[in-house]
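The structure under discussion appears below in the form of structure tokens.
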Amino acid sequence: MPTWLASPPAVLRLAATVAAAAALMGLAQPASATPPPDDPNQSVADSARRQARSTAEWLARGVDGWFGDRPFSDGGKVSEGELSLRLLKRQDDSLQHDLRFKARFRLPNLEENAYAFIGRDDQREVVSDKPNAFTNEQLLLKGNAEDRSFFAGVGVRLRNSVDLRLGLRGGFKPYAQARVGRQFWLSSRDLLELRETLFITSGDKLGSTTALSYEHAVSSTLAWRWLNAATITQRSRKFEWSSSLGAYQSFGTQRLLSLEGLVRGVQSSGVPVADYGLQLKWEQPVHRDWLIGEAIVGHFWPRPDALSERGRAWAVGASLRMKF
């Protein structure tokens with residue numbers, strides 16, 4: 001069974017056009033990097049995916065050239081490339097759309113265990129290393145547009161369990177991360193995972209995120225998971241915590257139905273639980289195995305502060321995710 005660090009059990013988790021991503025990044029391929037004319041038999045999705053990979057490889061070659069003269073073809077590659085477009089709507093709130101991008105580069109001119117990365121996402125979630133299940137995107141929360149920015153950096157893997165990163169986020173603000181993760185198989189059906197991330201930024205100073213997951217396989221297609229995470233920084237000195245309990249039913253070929261109960265809050269905020277709710281999600285490929293569609297519907301009971309009454313709100317979301 002795959003781990004919760006990547007996505008819910010039994011599934012991997014993108015889409016829009018590369019032109020939109022390139023415009024946001026302020027990048028344009030030189031004429032020499034322009035791919036040949038599209039095959040008339042290819043769909044728009046196939047062409048967009050090929051353009052996305054071509055742009056990422058062109059960028060990887062350029063970055064690799066900063067570190068030496070070894071050709072990129074000598075072991076270089078692009079992996080974990082994703083481009084996503086998401087729409088979400090919470091009751092009594094406006095419709096929100098969001099474009100995100102990320103890719104990881106294996107660069108021949110860096111050491112074997114080193115890599116580069118680039119993307120566009122919520123910078124606070126990237127730096128704090130918040131589990132995917134607790135991001136604003138997955139919780140159908142309207143994020144702060146100012147927090148979505150481009151980030152880039154270099155990292156190195158040590159002993160397959162330690163990951164060190166140095167990066168830049170929006171406005172050329174530096175940050176550093178040290179991640180340690182361990183897996184403990186309690187039985188052939190039970191997996192316990194622990195991840196600790198230390199990070200440092202100019203604003204938050206030193207901070208940490210602790211994430212713990214317990215996953216049980218009921219059968220080869222059904223699993224449930226209990227996931228918990230807490231983040232604290234020197235600036236806030238209060239834990240932001242989240243917890244979820246979910247069941248995940250696979251229908252094969254990347255088709256997944258999930259139901260999750262979610263709870264979150266902030267220590268010493270005057271409200272023991274700031275928000276809780278239920279969320280139903282369906283994922284399936286919409287074109288081959290790399291263009292994934294997702295639909296989410298949820299009902300939440302938020303209470304932003306001690307002076308407010310607990311409200312209730314429906315929320316819906318939809319996304320396309322293209323892997324390249």
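- Leu262 and Leu280 end up in different hydrophobic clusters when Ile, Leu, Val, Met, Phe, Trp and Tyr side chains are linked at under 4.5 Å.
- Around the CZ atom of Phe172, the shell of radius 6.0 Å holds no more than 12 heavy atoms that belong to other residues, nucleotides or ligands.
- Put simply, CG on Asp204 and CD on Gln234 are 9.5 Å apart, with the number rounded to the nearest 0.5 Å.
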Self-check item: Asp305/Arg303 under salt bridge (Lys or Arg N to Asp or Glu O under 4.0 Å): CA gap, chis, key distance, verdict
Solution: CA-CA 6 Å; Asp305 54 61; Arg303 188 182 179 190; over 6 Å; no
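- Using modelled atom types, one side-chain atom of Glu125 and one backbone atom of Asn136 make a donor-acceptor pair closer than 3.5 Å.
- For Arg235, the CZ atom counts as loosely surrounded, since its 6.0 Å shell holds 12 or fewer non-hydrogen atoms of other residues, nucleotides or ligands.
- Taking 4.5 Å as the limit, some side-chain heavy atom of Phe101 sits within range of a side-chain heavy atom of Ile118.
- Phe239 is not listed as a side-chain neighbour of Val266, based on a closest heavy-atom distance of 4.5 Å or more.
- In this structure, the side chain of Ser54 does not engage the main chain of Arg50 through any donor-acceptor pair within 3.5 Å.
- More than 12 heavy atoms of other residues, nucleotides or ligands shown are found within 6.0 angstrom of CH2 on Trp301.
- One N or O on the side chain of Gln279 and one on the backbone of Gln138 form a donor-acceptor pair closer than 3.5 Å.
- For the pair Arg53 and Phe324, the cation does not sit on the ring face, since its NZ or CZ is not both under 6.0 Å from the ring centre and inside 45° of the axis.
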